[in-house]
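To find a chain, count down the sequence lines: A is the first, B the second, and so on, and within it residues start at 1.
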Protein chains: 2
Amino acid sequence: MPTTADDLRRVALQEFAAAGYLGTSLQQIADRAGVSKATVLYHFTSKEVLLEAVLSPALDQLDGILGQVGLAGLQRGGQSRTEFLERFVDFLLEHRSAVYIFVNQATSLVDIPVVERANAEIELISRYFEENVGSVEEKVRFGVALGGAAYLLAGAPVSMPEPDLGALRTALLNVLSDLLAPSAPSRSTTRSTGTAD
Amino acid sequence: MPTTADDLRRVALQEFAAAGYLGTSLQQIADRAGVSKATVLYHFTSKEVLLEAVLSPALDQLDGILGQVGLAGLQRGGQSRTEFLERFVDFLLEHRSAVYIFVNQATSLVDIPVVERANAEIELISRYFEENVGSVEEKVRFGVALGGAAYLLAGAPVSMPEPDLGALRTALLNVLSDLLAPSAPSRSTTRSTGTAD
DNA sequence: TCAAAATCTGACCGATCGGTCAATTAGCCT
DNA sequence: AGGCTAATTGACCGATCGGTCAGATTTTGA
């Protein structure tokens with residue numbers, strides 16, 4: 001049975017992702033949750049605190065992923081890199097709305113602690129893949145992979161007609177493998193898995 | 001010699017990209033341009049009109065690119081596809097701020113004509129690449145390419161230390177070629193061009 | 001020169017924002 | 001039943017938002 005606070009978190013997540021943090025008023029969230037604006041501010045002392053409550057679960061899980069795999073296991077040719085990528089894609093799919101908020105609104109949400117914490121973690125992942133190298137193309141590949149995945153997941157103009165999550169997961173895994181593979185693309189090996197084509 | 005209207009367009013473009021359309025007040029733009037808020041509204045009858053004036057040049061140029069190359073020339077294996085990609089990357093680089101605004105804030109700027117026009121064009125480009133196929137993986141590749149490029153160009157958390165535009169252009173061209181190639185990745189063929197690595 | 005046109009500004013407007021607070025209602029424990 | 005706490009609410013606050021307007025200033029052109 002969902003509590004009022006749960007409802008507010010759910011509604012706020014949707015609204016923040018769809019209309020943006022700045023474009024969403026506490027009144028809107030209150031209306032869609034069926035409570036008054038004062039009630040929202042009773043459960044969450046400020047709009048910023050509400051944002052933090054909305055985004056923290058995703059960040060915590062990301063922390064867990066980074067901790068489990070560990071820096072050492074992510075050498076350039078290491079096997080655990082594939083494992084990391086798989087967990088990472090699953091994370092992106094599960095927390096797609098939160099990821100979308102992070103990636104698309106991070107620049108306009110400076111000085112908000114939870115957003116800066118997210119930026120720090122993105123930078124940490126970035127260092128995983130760059131390691132000692134850090135050529136321009138490596139940076140570009142990583143940036144495109146991260147930003148592109150987030151952009152896609154939110155169902156932007158380029159829409160996914162059917163939210164076939166299984167096929168989406170497979171495709172995303174292939175594409176990211178290509179982008180982040182240190183030398184040889186691995187796309188052809190795991191070509192089709194989902195829908196018939 | 002830049003006119004006041006030019007200054008306002010320039011400042012507004014920077015602010016809209018950095019803090020978001022909703023996160024930028026007319027007062028901020030006026031201050032940074034060294035004029036009063038009323039002057040802003042004298043040159044541009046509303047904030048929405050200012051946004052349109054800021055984004056239109058990029059959209060017009062995109063129109064030109066799409067018109068020149070033409071739909072017919074963009075068959076799956078067609079040669080003009082590379083040519084299109086090159087023009088497209090140059091377009092992304094020249095209008096990086098405008099592209100960033102489009103991609104990152106399109107969902108929160110509904111009912112604004114210039115943004116809907118941009119969405120229509122993005123969908124048009126999408127259809128170029130999908131053509132008859134449109135498998136899930138093709139869609140994912142396109143979405144990642146477009147969103148990823150835009151995300152990267154705005155200098156998000158994963159920063160480009162030196163804005164070496166030449167190297168950036170080459171790298172971006174390679175990555176997008178990989179992503180949008182119908183079958184065989186072409187990364188290795190045009191590996192390095194810019195900085196020494 | 002001088003009036004007409006273009007440009008710029010401060011004062012002001014209604015609306016909405018995030019947030020506070022006292023008062024009311026609902027649930028819980030003994 | 002009765003008291004205690006949690007939950008909810010409407011009224012209200014100062015600040016800021018986009019936008020209007022009358023008037024001052026500058027530029028232009030015949």
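Applying the side-chain hydrogen bond (donor to acceptor under 3.5 Å, both in side chains) test to pairs two or more places apart or on separate chains, those with a residue in residues 49-60 of chain B are B:Asp60-B:Arg117.
Note: CD (A:Glu48) to C1' (C:dC17) measures 15 Å, nearest angstrom. The nearest whole Å value for the distance from the OH atom in B:Tyr21 to the C1' atom in D:dC17 is 12 Å. Taking atom CG of residue A:Leu50 and atom P of nucleotide C:dG19, one finds them 10 Å apart after rounding to whole Å. In this structure, CG of B:Leu51 is placed 12 Å from P of D:dG19, rounded to the nearest angstrom. Rounding to whole angstrom units, CD1 of residue B:Ile112 and P of D:dG18 are separated by 12 Å. With rounding to whole Å, A:Tyr42 atom OH is found 8 Å from D:dT5 atom C1'.
Distances from the side chain of A:Lys47 to the nucleotides C:dG18, D:dG19, D:dT20 place C:dG18 closest. The side chain of B:Leu41 lies closest to D:dT20 when the candidates are C:dG19, D:dT20, D:dT9.
Contact annotation: A:His43 does not reach the phosphate of D:dA6 (side-chain N/O to OP1 or OP2, under 4.0 Å). Using a 4.0 Å cut-off, no side-chain N or O of B:Thr39 falls inside it from OP1 or OP2 of C:dC8.
Atoms CG and CD1, from B:Leu66 and B:Ile125 in turn, are 5.0 Å apart once rounded to the nearest 0.5 Å.
At a cut-off of 3.5 Å, with distance as the only test, no side-chain donor of B:Gln105 or A:Gln105 sits close to an acceptor on the other residue. A donor and an acceptor atom, one from each side chain of B:Asp31 and B:Gln27, are located under 3.5 Å apart.
Toward the 5′ end of DNA chain D lies the nearest nucleotide of A:Val40, the other residue of the pair A:Val40 and A:Lys37 mapping further downstream.
No contact: A:Thr3 has no heavy atom under 4.0 Å from any strand. Residue A:Leu26 is classed as a sugar-phosphate contact, given heavy-atom separations below 4.0 Å to backbone atoms only.
Seen from the ring of A:Phe16, A:Lys47 does not count as a face-on cation partner, given the 6.0 Å and 45° thresholds. The cationic atom of B:Lys37 (NZ for Lys, CZ for Arg) does not lie both less than 6.0 Å from the six-membered ring centre of B:Tyr42 and within 45° of the ring axis.
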How would you summarise protein contacts on nucleotides 22-29 of chain C per nucleotide, using B for base, S for sugar-phosphate only and - for none, with heavy-atom distances below 4.0 Å?
--------
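Taking 4.0 Å as the cut-off between side-chain N and carboxylate O, B:Asp178 and B:Arg141 do not count as a salt-bridged pair.
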